[in-house]
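Written out below as structure tokens is the structure these notes cover.
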Amino acid sequence: MKTDLKKPPAMRKFTKAIHAGGLEHSIYGEISVPIFQSSTFAFPSAADGAARFSGKQSGYIYSRLNNPTVNALEESVAALEGGFAGVAAATGMAAVSSVYLSFLSRGDHVVATDCLYGSSRVILESELSRYGVETTFVDSSELLNIEKAMRPATRMIFVESPMNPSMKITDLAGAAAIAKKHGALLAVDNTFASPYLQRPIEFGADIVIESLTKFINGHGDVLGGMVVTKTEEHYNRVKKIVSLFGGTMDPHQAWLILRGLHTLPLRIEKAQENAMKLAQFLKTHPKVIWVSYPGLPDHPQHKTAKRQMDGFGSMISFGVQNGLQGGITLMNSVRLITLAVSLGGVESLIEHPASMTHASIGLEERQEAGIVDELVRFSVGCEDFEDLRDDLDQALNLIDGYKIKQPARLHAETAAVAEPGC
Ligand SMILES: *Cc1c(COP(=O)(O)O)cnc(C)c1O
């Protein structure tokens, strides 16, 4: 539970991803955190058991409450985010729902990004509304939209930046200032950036959520979530809710994610270098109508991204010729890039919202939500740039781009909402 006292107090980002948090070595001197695959923990005596329950003695009780392997991951992620402490959860959605349950009560109002992760939006819209919590969804890339939606009952501003799949950016310091002015909390889903590129607490956020399933684990083989808070008070609240409601993380899951976390900086550096080159390549491709990547100078919030992120990440969305059919052709023609939802792994993944995650939404609502037919979401991985470029090129060239002429669209028109799937 305690960090190794021999470790230097200040560590840089690569070092932190490898050494922050963790456990002290046991008598065996292992360098990998052991998997404490134990549901419960023996008390030395009845008095010790009582002391642990009353909080007078530290020590483990039961793995839904605390587990050494899970605690090691919580410490590592909290150190990377620069927060007070972290609470691990079974999935990213268990982390999101725990934040809602921790801080929202009947009569409270939420202002949220309109293109919030699908399930995060659906909970607010269809589930929390049953308990008397109301939400206003706004395009949070314009701070004025947040400000205008604030009410006396607004308890929380919930934003994602970069947004999915529009890749728009929310000004985090600006959102934090609005939250502070109105006595509301700012919660940020930081999944698309990861703490390696963006630490919302530095900009005034109170609560940060990560779907560890994505960049932090990074290997497409495990689900997980984390809530990191700025204050001890908020930590205690989230810890209580996760422990009570039981969306706890399993120790084996925590161990796998710790293993992935150690290479987060290496993976992101490689993937975002690829993403920048691919965004530039896509911009010049005759079968591509538009490209939305925060690293491109013509991205509407490029300056904000530059100010609050240490890099532009590896998520790109772009529009292809020939609308829906063009998207389907691209999906069916990639050979190296995998056709799948999810993101942030070492392998490149591509998906086409209009024919997949959003196909069940009517055409009109979809267009209104900005999920235009030609939009493709691309999670760039760590393969060689040239291989990714060549794969995209051969697949794009199979699109019949000149049957249906599409008008060129601007980023502003590609804002998207909810992805019911992923
Ligand atoms: C994937 C994702 C989630 C949900 O995470 P799970 O681990 O799938 O439950 C939440 N927010 C964002 C931005 C995501 O990409």
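Values below: all heavy atoms of this structure, side chains included; hydrogens, waters and symmetry mates excluded. Both ligands and their constituent atoms are indexed starting at 1 by order of listing.
- For Ser342, the closest heavy-atom approach to ligand 1 does not fall below 4.0 Å.
- Comparing heavy-atom distances from atom 14 (C) of ligand 1 across Met226, Glu210, Lys214, Glu160 singles out Lys214 as nearest.
- Of all atoms in ligand 1, numbered sequentially from 1 with element shown, those under 4.0 Å from a heavy atom of Asp189 are 10 (C), 11 (N), 12 (C), 13 (C).
- Between atom 3 (C) of ligand 1 and the options Phe192, Tyr117, Phe215, the minimum heavy-atom separation is to Tyr117.
- Looking at Met93 next to ligand 1, an N or O pair under 3.5 Å apart turns up.
- Aromatic ring centres of Phe312 and His299: separated by at least 6.0 Å.
- The shortest N/O to N/O separation between Gly92 and ligand 1 falls below 3.5 Å.
- With salt bridges taken as basic N to acidic carboxylate O contacts below 4.0 Å, none links Asp114 and Arg121.
- On a distance-only criterion, Ser120 and ligand 1 share no N/O pair closer than 3.5 Å.
- A salt bridge is absent between Lys270 and Glu383; no separation between the charged side-chain nitrogens and carboxylate oxygens falls under 4.0 Å.
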Exercise for review: Determine, stepwise, if the pair Phe158 / Tyr100 fulfils ring-ring contact (aromatic ring centres under 6.0 Å, His included).
Suggested key: CA-CA 10 Å; Phe158 190 98; Tyr100 293 158; 5.5 Å; yes
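- Using a cut-off of 4.0 Å between Lys/Arg side-chain N and Asp/Glu carboxylate O, Glu127 and Arg130 are scored as salt-bridged.
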